[in-house]
Amino acid sequence: MDGPRTFAAMKGPKGFTITVQEIDIRPGGVWRYIMHGPDGTDYDNQIRYIEVASPERLVYVHGGDGEDDFHVTVMFEERNGVTELTMRTLFKSAAELERVAKEYGAIEAAKSTLDRLEEQLAKLT
């Protein structure tokens with residue numbers, strides 16, 4: 001399985017849908033999409049890929065409205081026949097992380113996104 005593409009396809013917390021405007025998963029490529037919240041709110045998103053080393057690593061900058069919000073490294077590592085996913089997100093400051101967590105519920109949203117990924121992957125096995 002192509003870990004980076006599968007991860008990209010499962011983006012978004014439970015209850016959200018996504019409209020992909022553009023996707024080019026390669027170094028220098030961009031993924032532009034709109035997340036549609038269950039309350040009808042739309043969130044413009046843009047990911048700029050820095051590194052794509054399939055199937056072991058994705059590195060990207062996630063932003064919206066022309067700003068880089070945070071830097072993400074996703075690692076996929078095979079262990080005893082199971083793929084372990086590790087995600088590290090780096091914000092510009094602790095205050096920015098706190099703002100995003102409070103304003104957007106980003107920590108719970110990230111957990112929900114990973115839960116969705118796990119559910120989809122379970123269907124493939």
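Side chains are part of it too, since the values below use all heavy atoms of this structure and drop only hydrogens, waters and symmetry mates.
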Original post:
Going by the angle between their ring planes, with limits at 30° and 60°, are Phe91 and Phe70 parallel, tilted or perpendicular?
Top reply: tilted
Original post:
Nearest 0.5 Å, what's the CZ-CD distance between Arg79 and Glu84?
Top reply: 4.0 Å
**OP:** Please work out which of the three classes, parallel, tilted or perpendicular, describes the rings of Tyr104 and Tyr43, given edges at 30° and 60°.
**Re:** perpendicular
**OP:** Verify the neighbour count for atom CG of Asp39: are there more than 12 heavy atoms of other residues, nucleotides or ligands below 6.0 Å?
**Re:** yes
Original post:
Would you say Val61 and Ile50 make side-chain contact, with heavy atoms under 4.5 Å?
Top reply: yes
Subject >> Steps toward salt bridge (Lys or Arg N to Asp or Glu O under 4.0 Å) verdict (Glu96, Lys92) >> reply: CA-CA 6 Å; Glu96 180 64 8; Lys92 294 177 184 176; over 6 Å; no
**OP:** Let me see the working for Glu77 and Leu85 under side chain to side chain contact (heavy atoms under 4.5 Å, CB included), right down to the final yes or no.
**Re:** CA-CA 7 Å; Glu77 187 174 351; Leu85 182 147; over 6 Å; no
Original post:
Should His36 and Asp42 be marked as a side chain to side chain donor-acceptor pair (under 3.5 Å) after you check the CA-CA gap, both sets of side-chain angles, and the distance that decides it?
Top reply: CA-CA 5 Å; His36 309 286; Asp42 289 339; 2.6 Å; yes
**OP:** Scan Asp44, Thr17, Val20 and name whichever one has a side-chain contact (heavy atoms from CB on, under 4.5 Å) with Ile34.
**Re:** Asp44
Original post:
When rounded to the nearest 0.5 angstrom, what distance separates CG in Asp69 from CD in Gln46?
Top reply: 10.5 Å
**OP:** Mark yes when over 12 heavy atoms from residues, nucleotides or ligands other than Ile107 sit less than 6.0 Å from its CD1; otherwise mark no.
**Re:** no
Original post:
Any side-chain heavy-atom pair from Leu58 and Tyr49 closer than 4.5 angstrom?
Top reply: yes
Original post:
How long is the span from the CG atom in Leu90 to the CG atom in Leu97, to the nearest 0.5 Å?
Top reply: 10.0 Å
Subject >> Validation row: Ile23, Arg32 side chains within 4.5 angstrom (heavy atoms) >> reply: no
Original post:
What do the steps show when you test Val100 against Lys102 for side chain to side chain contact (heavy atoms under 4.5 Å, CB included), and what is the final call?
Top reply: CA-CA 5 Å; Val100 172; Lys102 189 176 200 177; over 6 Å; no
Subject >> Flag if over 12 foreign heavy atoms under 6.0 Å of CD, Glu78 >> reply: yes
Subject >> Close side-chain approach of Tyr33 to Thr19, heavy-atom, < 4.5 Å >> reply: no
Original post:
Among Val52, Val72, Thr73, which one satisfies side-chain contact (heavy atoms from CB on, under 4.5 Å) with Tyr60?
Top reply: Val72
Subject >> Chi angles and distances behind the side chain to side chain contact (heavy atoms under 4.5 Å, CB included) call for Arg57, Glu51 >> reply: CA-CA 7 Å; Arg57 183 175 47 259; Glu51 183 180 354; 2.7 Å; yes
Original post:
Do Trp31 and Ile25 share a hydrophobic cluster, counting only Ile, Leu, Val, Met, Phe, Trp and Tyr and linking them when any side-chain heavy atoms are less than 4.5 Å apart?
Top reply: yes
**OP:** Would you mind reporting whether Met35 and Asn45 have side-chain heavy atoms less than 4.5 Å apart?
**Re:** yes
